[in-house]
Colleague: 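Below is the structure I would like to discuss, written out as structure tokens.
In this text the structure is predicted, and so the values were computed from the model without any measurement. Each residue takes its place number in the sequence, starting with 1.
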Amino acid sequence: MPHSPLLVEFAVALPVVLLVAYVVARVIRRLFGRRIALELRTLTIVSFLGISVGLLLSGIFFYGLRLWMPTTILLAFGCSVGLSALVAGIAAWIRRGRVDVDVPAVLAAGESDRVEFKETARWNIRENRKDPRMEMAIAKTVAAFLNSAGGVLVIGASDEGRAVGLDRDLATLRTPDHDRFELWLRDLLSTLLGRNAAALPRLQFTEVAGATVCAVNCPPSPKPVFLTVAKDGGSTDLWVRVGNSTRSLGVDEAVDYVARHWRPSVLGALTGTGPTR
């Protein structure tokens with residue numbers, strides 16, 4: 001017999017609880033699909049908290065229950081599913097009023113100052129390998145849209161607007177699914193553009209002609225977004241859209257662009273409405 005049976009019981013229960021929370025989160029995520037923008041790890045945390053609530057209720061309202069008793073397990077599992085479904089439902093309700101991008105129409109219209117297509121986000125088609133330069137190109141385009149009038153980047157589409165899908169990019173991920181792709185893309189943008197900027201774009205996965213593409217809908221940023229191009233963070237660039245292209249501005253150009261694009265308004269300062277665009 002172990003000297004501390006409660007510690008042994010807890011050590012066994014913890015990975016089981018984490019596994020159950022993960023499974024519940026995946027099921028809820030699959031049921032709600034793209035109606036919610038919550039990441040899998042967020043739902044896993046919510047599911048884990050639901051299990052904790054169930055265990056707490058078991059201890060408060062039922063006398064003599066132990067961890068592995070059926071009543072305890074059912075109550076913990078039920079609270080996990082209930083809380084996860086509640087949070088997902090609220091997230092879906094909040095998202096309900098947001099208008100998705102009409103991806104087929106965007107692909108049919110072609111590239112412009114507000115639209116750009118990228119076949120891949122990680123995979124170099126010519127060299128047939130994963131290439132960090134592809135990732136940097138994605139970050140530059142997103143930064144340029146944020147620093148300009150906004151726009152839509154469609155990943156998984158050729159220059160001609162033909163949907164080719166995300167299979168090559170998904171194959172480079174440890175878990176080849178859209179949730180992992182979204183998580184990777186958010187992490188990439190957080191690293192290169194900063195967390196605040198990375199939270200601005202809205203990601204939407206849409207099936208077009210049998211292939212799934214990712215539309216990154218970028219609103220105009222309320223402040224300049226700089227791309228970090230050095231590992232030490234000491235070198236940053238300001239990228240903007242110029243016609244159908246993405247362009248980096250020099251120091252003098254960047255200063256002038258920021259002064260014009262995010263110019264403070266005397267009237268806004270007096271009335272409290274802030275900067276004008």
Side-chain angles (χ1 to χ4, degrees), residues 33-34 37 39-40 100-193 197-221 225 227-229 237-248:
R34 289 296 151 188
E39 297 178 354
L40 181 60
D100 287 337
V101 175
D102 188 349
V103 177
V106 169
L107 293 177
E111 293 183 321
S112 66
D113 60 333
R114 301 285 296 273
V115 175
E116 183 159 332
F117 306 145
K118 297 287 186 184
E119 280 201 40
T120 64
R122 309 189 78 189
W123 192 257
N124 189 317
I125 300 172
R126 295 181 179 178
E127 300 180 8
N128 199 32
R129 65 180 180 87
K130 188 171 70 172
D131 190 344
R133 292 176 296 181
M134 305 294 106
E135 301 177 0
M136 187 63 71
I138 295 295
K140 290 176 181 177
T141 303
V142 171
F145 281 139
L146 293 175
N147 285 327
S148 303
V152 178
L153 167 64
V154 182
I155 304 173
S158 67
D159 292 339
E160 297 77 26
R162 180 174 58 89
V164 297
L166 301 169
D167 291 346
R168 286 169 291 193
D169 286 331
L170 294 179
T172 66
L173 303 174
R174 184 172 54 185
T175 304
D177 59 27
H178 297 151
D179 286 325
R180 178 62 62 175
F181 181 86
E182 180 171 349
L183 177 60
W184 163 79
L185 184 55
R186 293 287 186 191
D187 288 343
L188 173 72
L189 297 178
S190 294
T191 300
L192 297 178
L193 306 181
L200 293 175
R202 184 159 58 91
L203 273 60
Q204 172 189 335
F205 293 89
T206 303
E207 184 173 329
V208 181
T212 301
V213 301
C214 176
V216 185
N217 191 5
C218 305
S221 173
V225 174
L227 175 71
T228 302
V229 294
D237 288 338
L238 184 75
W239 290 81
V240 299
R241 291 291 288 184
V242 179
N244 290 10
S245 64
T246 300
R247 176 186 167 194
S248 174

Colleague: Do L200 and S221 come within less than 4.5 Å of each other through their side chains, counting heavy atoms only?
Modeller: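 Answer yes - side chains close enough.
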Colleague: Could you give me the CA-CA distance, side-chain angles and deciding distance for L183 and L185, then say whether side-chain contact (heavy atoms from CB on, under 4.5 Å) is met?
Modeller: CA-CA 6 Å; L183 177 60; L185 184 55; over 6 Å; no
Colleague: Please give me the minimum heavy-atom distance between P220 and A149, naming the atom from each residue.
Modeller: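 Taking every non-hydrogen atom into account, CG-O, 3.5 Å.
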Colleague: Write down the atom of F181, the atom of D169, and the distance for their closest heavy-atom approach.
Modeller: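 Scanning both residues completely, I find the closest heavy atoms to be CE1-CB, 3.9 Å.
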Colleague: Closest approach of F117 and A157, non-hydrogen atoms and distance?
Modeller: CB-O, 3.7 Å
Colleague: Examine distances only and state if a side-chain atom of S148 and a backbone atom of R241 form a donor-acceptor pair shorter than 3.5 Å.
Modeller: yes
Colleague: Rounded to the nearest 0.5 Å, how far does CD of E160 lie from CD of E119?
Modeller: 7.5 Å
Colleague: What distance separates I125 CD1 from T120 OG1, expressed to the nearest 0.5 Å?
Modeller: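 If we round to the nearest 0.5 Å, I125:CD1 and T120:OG1 are 4.5 Å apart.
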Colleague: Does any N or O in the side chain of N217 come within less than 3.5 Å of the main-chain N or O of R202, such that one atom is a donor and the other an acceptor?
Modeller: no
Colleague: From L238 CG over to R247 CZ, what is the distance, rounded to the nearest 0.5 angstrom?
Modeller: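 So the gap between those two atoms works out to 11.0 Å.
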Colleague: How long is the gap from CD1 on I138 to NZ on K140, to the nearest 0.5 Å?
Modeller: 11.5 Å
Colleague: How close do L107 and A163 get, counting heavy atoms only, and between which atoms?
Modeller: CD1-CB, 4.3 Å
Colleague: Would you say the side chain of V208 lies within less than 4.5 Å of the side chain of T206, judging by non-hydrogen atoms?
Modeller: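 T206 vs V208: side chains touch.
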Colleague: Under the criterion side-chain contact (heavy atoms from CB on, under 4.5 Å), I'd like the reasoning laid out for L166 against R168: C-alpha separation, chi angles, the key distance, then a yes or no.
Modeller: CA-CA 6 Å; L166 301 169; R168 286 169 291 193; over 6 Å; no
Colleague: Quick check against the 3.5 Å criterion: does S158 have a side-chain atom that pairs as donor or acceptor with the backbone of R162?
Modeller: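 It does hold such a pair.
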Colleague: Test side-chain contact (heavy atoms from CB on, under 4.5 Å) on V154 and C214; report intermediate values, then the result.
Modeller: CA-CA 6 Å; V154 182; C214 176; over 6 Å; no
Colleague: Is there a side-chain contact between R133 and N124, using heavy atoms and a 4.5 Å cut-off?
Modeller: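 Side chain of R133 against side chain of N124, heavy atoms only: contact under 4.5 Å found.
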Colleague: Are R122 and T172 close enough that a side-chain donor and a side-chain acceptor fall under 3.5 Å?
Modeller: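 Yes, side-chain donor-acceptor contact under 3.5 Å.
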Colleague: Measure the OG1-CG distance between T175 and L40 for me, rounded to the nearest 0.5 Å.
Modeller: 9.0 Å
Colleague: Rounded to the nearest 0.5 Å, what separates atom CG in L153 from atom OG1 in T246?
Modeller: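 That separation rounds to 9.0 Å.
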Colleague: Please report the closest heavy-atom contact between P219 and L146, naming both atoms and the distance.
Modeller: O-CD2, 3.1 Å
Colleague: Could you tell me which non-hydrogen atom of L189 sits nearest to which non-hydrogen atom of A139, and how far apart they are?
Modeller: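 Heavy-atom minimum between the residues: CD2-CA, 4.1 Å.
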Colleague: Can you find a heavy atom in the side chain of L203 that is under 4.5 Å from one in the side chain of R186?
Modeller: yes
Colleague: Checking the side chain of N147 only, and the main-chain atoms of W239 only, is there a donor and an acceptor separated by less than 3.5 Å?
Modeller: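 Confirmed, N147 side chain pairs with W239 backbone.
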Colleague: Going by the angle between their ring planes, with limits at 30° and 60°, are H178 and F205 parallel, tilted or perpendicular?
Modeller: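 Because their plane-to-plane angle is under 30°, the rings of H178 and F205 count as parallel.
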Colleague: So if I apply the side-chain contact (heavy atoms from CB on, under 4.5 Å) rule between I155 and each of T141, V216, V213, which one comes out positive?
Modeller: V216
Colleague: Do the charged groups of E116 and K118 touch, with an N to O distance under 4.0 Å?
Modeller: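 Between K118 and E116 there is a salt bridge, with a charged N closer than 4.0 Å to a carboxylate O.
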